Every structure is written in C-alpha cells, then in structure tokens.
Protein chains: 2
Amino acid sequence: MFAATRPADRSLAELDTVADIRIPGPHLVATYKAGKEIYAEGDNVDKCYQVVVGAVRVCRLLADGRRQVVSFHLAGEMFGFEAGNKHRFFAEAITETRLGVFGRRPMQEHSRELLDLALLGMARAQEHLLVIGRQCAVERMAAFLMDLSGRLGGLRQVKLPMSRQDIADYLGLTIETVSRVMTKLRERSVIALHDARTIEIRKPDALRQLCN
Amino acid sequence: MFAATRPADRSLAELDTVADIRIPGPHLVATYKAGKEIYAEGDNVDKCYQVVVGAVRVCRLLADGRRQVVSFHLAGEMFGFEAGNKHRFFAEAITETRLGVFGRRPMQEHSRELLDLALLGMARAQEHLLVIGRQCAVERMAAFLMDLSGRLGGLRQVKLPMSRQDIADYLGLTIETVSRVMTKLRERSVIALHDARTIEIRKPDALRQLCN
DNA sequence: CGAGATCTTGACGCGTATCAAGTTCTGTGG
DNA sequence: CCACAGAACTTGATACGCGTCAAGATCTCG
C-alpha cells in the first residue's frame, strides 16, 4: 500500500508477521460487550487472549482518575501475558469483542512463540514511548493513524473502534487536543472524516512525514 | 529498605528477581569507554549483553536531533534482545562499562529465561509509558528516582551515572526542567544533593507519594 | 590553573490543558 | 419512523506548565 520497506522504515509491519502466530489446541471463545472488563489489575496472570473480532484496550488508572492506555489490540492480535503473577494493568473490550482464550499450560508449551510476542510487545511499548516522550500533538496523532492503518491491513479507510477519550489517553493528550488535531489534519486534506470514527487517509506520505 | 510490598505496590522490585538470571556457559567480557557505542540502529541482533559494571542507555534519535532514551541498564541487568533481526534502537555506555556478551546460539537455548527478560522489558516500558504519558515533571522525576534507587539496591544514597541530558531524554523533559525539579525537591528536603550526581533520598515516603 | 563540559537559574513564549458552550451522533421508546 | 436523551465530538476563550533562549556558576580533567 504505502512505500516498500526502506532501510529506515519505522513501521512495525515487518514484525507483525509474528503476531500471526496461532497457538494450536483447543481453547475457549468468549464474547465481551463494549466496555466489559476482561481482566482486572491485580488478577492472576493465568490466561492469554487472541482477539477474534473487536478491539481491546489495556490501561492503568492513577488515583486521581488520570488514565493511560498502554496498548490497543485488534483482530488477530494476542495479549494478556505479563511479567510476574499479577496483572499490573487491566483490559477492557472497546467494542463488542470475541476472544480466543488460552490457558497457562498450553501457553507454557509455546514459550518460543510467547517470546516473540513478548519481544513484539516490548518493541511496541518502546516505539510508543518515543512518540509520547518526544513528539508533539500532531506528530502523535500521525504516528497513531499510521500504526493503526498498518495493523488494520494498510487500508486507506480506517474505522476507529475507539473513542477520542481512548485515543487521548493512549497518546497522553486530552480529547480536546485530539479533536483539534483531527480538524487540522482534515483542513490540510491529510485525512478526511466521513464521520468521527471513519477516517480516510488522503495523503499517506504527508502523514508519514509527520511521524518522522 | 522502604515499605514492605503492599497489594498496590507499583515498584518493579518483585520482578527484579528475574533480572538475576545468569545464562551459564562461556562468554566474552568487553569494556566500553564512556559514550562508546555498543550497537547501532540497524545492526543485526545477534548478541545479548549483561552489565558487569557501569551503566548503559538505549535510545533513538529523530531526524531533527530530538532523542528518546528508552531504557537505562545498570549492573546485573541484561539488554540487547529485540524483536526482529535489526536493532531499532542504539545502545551506548554511559560511564566506563564492562559487559558480559552472549552469542545468539547460547541465548536460543535459554528461550525460557529470555522470555522472562522480554516480559520484564515490556513491563518496564509500559510503566515508563504511564509516567511519561500522564505525569507532570515532578512526578516523573520522583518515579525515576524511586525506580533507580530500587534497582541500585534500595539505598538512600544514589550515585547517578547519567547526565541531566540523559535523564531529560529519558523522561521526555528538558535539562532545564530536570534541573529545576531537582532544586524544588531539594528545597522541600525530599532529597539532598551532595553534588549534582549524588542524591540522598531524605523523605522516601514523600517521594513515593509523588509517584502516585 | 585553565578550558570545556555540565549544571543551575532567570525571563519569556508557546503548546497543550482547562473550562465552557454548542453541535452531532446514537440508541431507545413512543 | 420520529422524538428525545444522553453520549460523543467539536470549537472557542483563557490559563499554566514546560520549552526556549540566555547568562552565569560549578565541576572535571588535562
């Protein structure tokens, strides 16, 4: 879709192949309504999940209500593995979501695959760190849109499963700033908004340049 | 040293035990002078390192010179594993540093241990994300000092191996802001500065509260 | 002892947060 | 199918925290 992989290509596209890992064997499939908790902070880490349809957010709340969304997980992606025995974050379904659920035992027999997933999780968190630590609001949104469109298959048209609040808490901004940046990108025709959740990337190159 | 582990304890102390993993077998030991590159962005990922003495920073530069320090690694800690074949970040010795070097083969025989390290790396990056995404300058410094003191053995007196610039680039701030926050914490007697790099934590509880 | 690097401090400006309306979307019941 | 209510989103005015620029102090090391 976009430019072929260049030496300095920063998308995680090459790495996404490892997200295709299928851990075989029988497993549950569970459905969660929008907003429903999948696991809580403090819960035992004894399962691993794969999104079948829908989307998931993994977050932490501070005492005063500030929230950080640490990651989003889309169809095909796995989550729920963490260091230690207890979850340090909680996970919620964003939209109505179906998840494949793996027990701890079957996962332990696949520590090689799990290693790749953990390394991918680390890479994602580190890329995210760079975005939040050193980029301004427009750059953050651009990085977010590029990442999302890549993970959704490189389509120009992206249907956002998450709200402005989710995006804001993911990018370390406020909803108002997210909204203003969207407007600015629309005014520059970098994107088009069919409705608030349906984004068309009109100038992928401009968007990529904004990410650095 | 500080309070015993509470239910909601957010330090990564419990997890640090996994950082004690020793991958046995013969390996090189290499010495790097302060500022020396250990691996570059784009280099093949074919080694893994353990800090014997000294300290390491792992970073990325943006085109315009902005830098994000993604992680620091202190004595005993391992680094150098990444998703994919190429390093997406570069690593440098902060002070004169001695590293144990492991080849790819010996590491692959320890994917179980490597999994724990990757999960710890992911956890650290995610905690860092929360700090940078949702906390103000004082809170960031407090979180940094708590983390560092914990990793250095929970001592009250901390000798910083890194410069203000390193700290600023780690926390998504500027050197001036880091300096001002240090001064403010000193004025409140939360810390004492024997010299710019030697910090005594005078009020650990106050510091912990600042982290949320 | 001197020179460059590192750190601190001050004055000012900018980008994003905050506060406050107003508008549009979504889903539900009539 | 329409009416309505609440949620979600947008937009504007203002405030404030941190960045920027500039100068000066302190540290480090040859």
Side-chain angles (χ1 to χ4, degrees), chain A residues 33-35 55 57 62 64-69 94-96 131-145 158-188 191-199 210, chain B residues 33-35 55 57 62 64-69 92 94-96 131-142 144 159-188 191-199 210:
Chain A
K33 291 226 182 300
R57 62 177 169 250
L62 295 182
D64 59 5
R66 283 176 287 180
R67 185 181 71 156
Q68 179 65 40
V69 174
I94 296 177
T95 56
E96 176 140 338
V131 171
I132 285 188
R134 282 296 176 224
Q135 307 202 156
C136 68
V138 204
E139 293 171 328
R140 292 184 205 192
M141 269 301 308
F144 171 70
L145 292 174
V158 174
K159 181 86 179 71
L160 299 178
M162 69 287 285
S163 69
R164 296 287 187 268
Q165 187 66 65
D166 289 332
I167 300 173
D169 289 345
Y170 180 72
L171 295 177
L173 300 169
T174 59
I175 41 173
E176 293 94 333
T177 299
V178 169
S179 190
R180 277 186 255 267
V181 170
M182 290 278 203
T183 304
K184 190 166 288 176
L185 290 174
R186 181 167 48 74
E187 284 169 356
R188 294 188 202 160
I191 60 172
L193 293 168
H194 299 244
D195 65 278
R197 300 280 184 106
T198 312
I199 292 175
L210 281 172
Chain B
K33 291 225 183 299
R57 62 176 171 251
L62 295 182
D64 59 4
R66 284 176 286 178
R67 185 181 72 155
Q68 179 65 40
V69 174
E92 295 170 334
I94 297 176
T95 55
E96 176 139 337
V131 170
I132 285 187
R134 282 296 176 222
Q135 306 202 157
C136 68
V138 203
E139 293 172 327
R140 292 184 204 192
M141 270 301 308
F144 170 71
K159 183 86 179 67
L160 299 177
M162 69 288 284
S163 69
R164 296 288 187 266
Q165 188 65 64
D166 289 332
I167 299 173
D169 289 346
Y170 180 72
L171 295 177
L173 300 169
T174 59
I175 40 172
E176 293 93 333
T177 299
V178 168
S179 191
R180 278 186 254 267
V181 169
M182 289 280 204
T183 304
K184 190 166 288 178
L185 290 174
R186 183 167 47 74
E187 284 169 355
R188 294 187 201 161
I191 60 172
L193 293 169
H194 298 244
D195 65 279
R197 301 279 184 109
T198 313
I199 291 174
L210 281 173

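To find a chain, count down the sequence lines: A is the first, B the second, and so on, and within it residues start at 1. Please read these numbers as outputs of a predicted model, since none were measured by experiment.
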Trainee: Provide, to the nearest angstrom, the distance between the CD atom belonging to B:E139 and the C1' atom belonging to D:dG17.
Mentor: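 Distance check: B:E139 CD to D:dG17 C1' gives 12 Å.
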Trainee: Classify the nucleic acid contact of B:T174 as base, sugar-phosphate or nothing, counting any heavy atom under 4.0 Å across all strands shown.
Mentor: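 Since a base atom lies under 4.0 Å of B:T174, the category is base.
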Trainee: So, taking the atom named CG in A:L193 and the one named CG in A:L185, what distance separates them when rounded to the nearest 0.5 Å?
Mentor: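 The distance works out to 8.5 Å.
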Trainee: Kindly determine whether B:Q165 and B:V178 satisfy side chain to side chain contact (heavy atoms under 4.5 Å, CB included), including the steps that lead there.
Mentor: CA-CA 8 Å; B:Q165 188 65 64; B:V178 168; over 6 Å; no
Trainee: Donor-acceptor check, side chain of A:R164 to backbone of A:A196, threshold 3.5 angstrom: yes or no?
Mentor: yes
Trainee: CD1 of B:I175 versus P of D:dC18: gap in Å, rounded?
Mentor: 16 Å
Trainee: Specify the separation, in whole Å, of atom CD1 of B:I167 and atom C1' of C:dT8.
Mentor: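 Distance, rounded to whole Å: 14 Å.
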Trainee: Could you tell me whether the phosphate oxygens of C:dT8, OP1 or OP2, come under 4.0 Å of any side-chain nitrogen or oxygen in B:T183?
Mentor: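 It does not, given that no N or O in the side chain of B:T183 lies less than 4.0 Å from OP1 or OP2 of C:dT8.
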Trainee: Grab the CD1-P distance between B:I191 and C:dC7 for me, whole Å please.
Mentor: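 It works out to 14 Å between those atoms.
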Trainee: Reckon A:L173 touches a base, only the sugar-phosphate, or nothing at all at heavy-atom distances under 4.0 Å?
Mentor: sugar-phosphate
Trainee: Can you tell me the distance, in whole Å, between the CD atom of B:Q135 and the C1' atom of C:dT16?
Mentor: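 These atoms are roughly 18 Å apart.
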Trainee: Apply the test side chain to side chain contact (heavy atoms under 4.5 Å, CB included) to residues B:D169 and B:Q68: give CA-CA distance (whole Å), side-chain angles for both, the deciding distance (0.1 Å), then the verdict.
Mentor: CA-CA 5 Å; B:D169 289 346; B:Q68 179 65 40; over 6 Å; no
Trainee: Look at the side chain of B:R180 and the base of D:dT20, then say whether one donor and one acceptor between them are separated by less than 3.5 Å.
Mentor: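 Such a pair is found, so the answer is yes.
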Trainee: Confirm from the modelled atom types if B:E176 and D:dC21 form a donor-acceptor pair under 3.5 Å, side chain to base only.
Mentor: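 Answer is yes: a donor-acceptor pair is held.
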Trainee: Under 4.0 Å between a side-chain N or O of A:S179 and OP1 or OP2 of D:dC9?
Mentor: no
Trainee: Within the structure shown, what part of the strands sits under 4.0 Å from A:R197 by heavy-atom distance: base, sugar-phosphate, or nothing?
Mentor: sugar-phosphate
Trainee: Please report, rounded to the nearest Å, how far the C1' atom of D:dT28 is from the CD atom of B:E96.
Mentor: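 Going from CD in B:E96 over to C1' in D:dT28 covers 16 Å.
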Trainee: Taking atom P of C:dT8 as reference, at what distance in whole Å does atom CG of B:L160 sit?
Mentor: 10 Å
Trainee: How long is the gap from NZ on B:K159 to NE2 on B:H194, to the nearest 0.5 Å?
Mentor: 11.5 Å
Trainee: Can you tell me how far P of C:dT24 sits from NE2 of A:H194, to the nearest Å?
Mentor: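 Going from NE2 in A:H194 over to P in C:dT24 covers 18 Å.
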